[in-house]
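These notes are about the structure you will find just below.
Predicted model, so just to flag it, every value in this text is computed and none were measured.
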Amino acid sequence: MRRNADVVIVGGGIIGASIAYHLTKKGVRDILVLERDRLGSGSTGKNAGGIRLQFSSEINVKLSQRSLPHIERFADEIGTDPHFHQVGYLFPSPRIAMSTRSNARSRCGRASAFPRAR
Ligand SMILES: Cc1cc2nc3c(=O)[nH]c(=O)nc-3n(C[C@H](O)[C@H](O)[C@H](O)COP(=O)(O)OP(=O)(O)OC[C@H]3O[C@@H](n4cnc5c(N)ncnc54)[C@H](O)[C@@H]3O)c2cc1C
């Protein structure tokens, strides 16, 4: 195995893969992604594929907001159709929905980047 690189990324999930992809687009060529298992074997390979803009932390909301345009043009940019359908997002449990709304209000409501939860 190689022992050095300009950039070493630990973890071959979506975050590691995305960092490697975007660094490559910016011209970085010597990137090593270290994965202890298989690529996508962590949370990335288990997730349900839902895309939403409401989270309990501001950073996750902003990450999701920034991701959306990329996902919308994913097929053109990457060459693989992710079968992205924008049909809304439903939390079927009233308890979870209330908790999410309350978290969004208390933690994110003051941020100007997105509207206050109602
Ligand atoms: C059941 C489930 C459903 C989900 N559904 C959704 C959803 O619908 N929508 C959504 O947005 N999110 C969903 N998520 C969350 C989403 O999958 C995660 O937020 C995302 O995949 C995290 O990506 P990651 O790259 O940070 O982590 P991971 O995908 O876990 O990748 C981390 C990688 O690092 C490797 N690693 C760790 N330590 C080391 C080390 N020391 N050396 C080498 N490799 C290492 C691991 O093996 C792993 O492959 C879901 C998660 C789960 C579990």
Side-chain angles (χ1 to χ4, degrees):
M1 190 180 83
R2 292 175 55 195
R3 303 204 60 84
N4 53 43
D6 287 346
V7 177
V8 177
I9 298 166
V10 179
I14 188 58
I15 295 295
S18 179
I19 292 169
Y21 173 75
H22 285 96
L23 285 176
T24 303
K25 273 184 71 176
K26 286 186 177 300
V28 182
R29 288 287 168 263
D30 190 18
I31 302 172
L32 180 61
V33 178
L34 294 177
E35 170 53 53
R36 67 181 169 190
D37 194 348
R38 287 170 293 112
L39 291 175
S41 60
S43 292
T44 297
K46 301 178 178 67
N47 91 74
I51 302 197
R52 58 190 166 106
L53 298 180
Q54 67 280 71
F55 287 94
S56 56
S57 71
E58 185 180 340
I59 186 69
N60 280 342
V61 174
K62 287 186 171 172
L63 265 174
S64 216
Q65 285 176 324
R66 296 280 300 265
S67 299
L68 196 53
H70 295 276
I71 296 163
E72 287 172 334
R73 59 173 190 267
F74 190 92
D76 291 335
E77 188 173 335
I78 307 294
T80 299
D81 184 356
H83 300 285
F84 179 45
H85 304 289
Q86 291 177 284
V87 293
Y89 206 104
L90 175 69
F91 289 97
S93 161
R95 191 178 60 78
I96 293 172
M98 285 176 68
S99 143
T100 300
R101 191 168 62 180
S102 140
N103 280 338
R105 265 207 192 112
S106 60
R107 299 188 194 182
C108 302
R110 285 184 301 276
S112 57
F114 44 90
R116 181 175 282 276
R118 297 190 199 290

Pairing residues for Ser18 by the side chain to side chain donor-acceptor pair (under 3.5 Å) criterion, not counting sequence neighbours: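 Scan of Ser18 (side chain to side chain donor-acceptor pair (under 3.5 Å), adjacent residues dropped) gives His22.
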
Residues that Arg66 engages under side chain to side chain donor-acceptor pair (under 3.5 Å), provided they are two or more places apart: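 Per chain and number, Arg66 pairs via side chain to side chain donor-acceptor pair (under 3.5 Å) with no residue.
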
Checking Lys25 now: which residues fulfil salt bridge (charged side-chain N to carboxylate O under 4.0 Å, His left out) with it, not counting sequence neighbours?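 In terms of salt bridge (charged side-chain N to carboxylate O under 4.0 Å, His left out), with neighbours along the sequence ignored, Lys25 is linked to Glu77.
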
Sequence neighbours excluded, which residues qualify as side chain to side chain contact (heavy atoms under 4.5 Å, CB included) partners of [X]?
X	answer
Leu63	Asn60
Thr44	Ile14
Val7	Ile9, Leu23, Val28, Ile31

Where at least one partner belongs to residues 26-44, residue pairs that pass salt bridge (charged side-chain N to carboxylate O under 4.0 Å, His left out), sequence neighbours excluded: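 For residues 26-44: Arg2-Asp30.
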
Scan residues 6-16 for pairs that pass side-chain hydrogen bond (donor to acceptor under 3.5 Å, both in side chains), counting only residues two or more places apart or in two chains.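 For residues 6-16: none.
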
Qualifying ring pair (Phe, Tyr, Trp, His ring centres under 6.0 Å) pairs, either residue in [range], two or more places apart:
range	value
residues 33-53	none
residues 26-51	none
residues 28-50	none

Nearest atoms (heavy-atom pairs only) where Tyr89 meets Ile51: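 That would be CD1-O, 3.5 Å.
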
Looking at side-chain heavy atoms only, is the closest gap between Ile71 and Gln86 below 4.5 Å?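 A side-chain contact under 4.5 Å is absent here.
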
What residues join Tyr21 in its hydrophobic cluster, counting side-chain heavy atom gaps under 4.5 Å, either direct or through other members?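 Phe74, Ile78, which link up through side-chain heavy atoms under 4.5 Å apart, make up the rest of the cluster.
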
How long is the straight-line distance from CZ of Phe55 back to NZ of Lys62, given to the nearest 0.5 Å?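 Atom-to-atom, Lys62:NZ and Phe55:CZ are 14.5 Å apart.
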
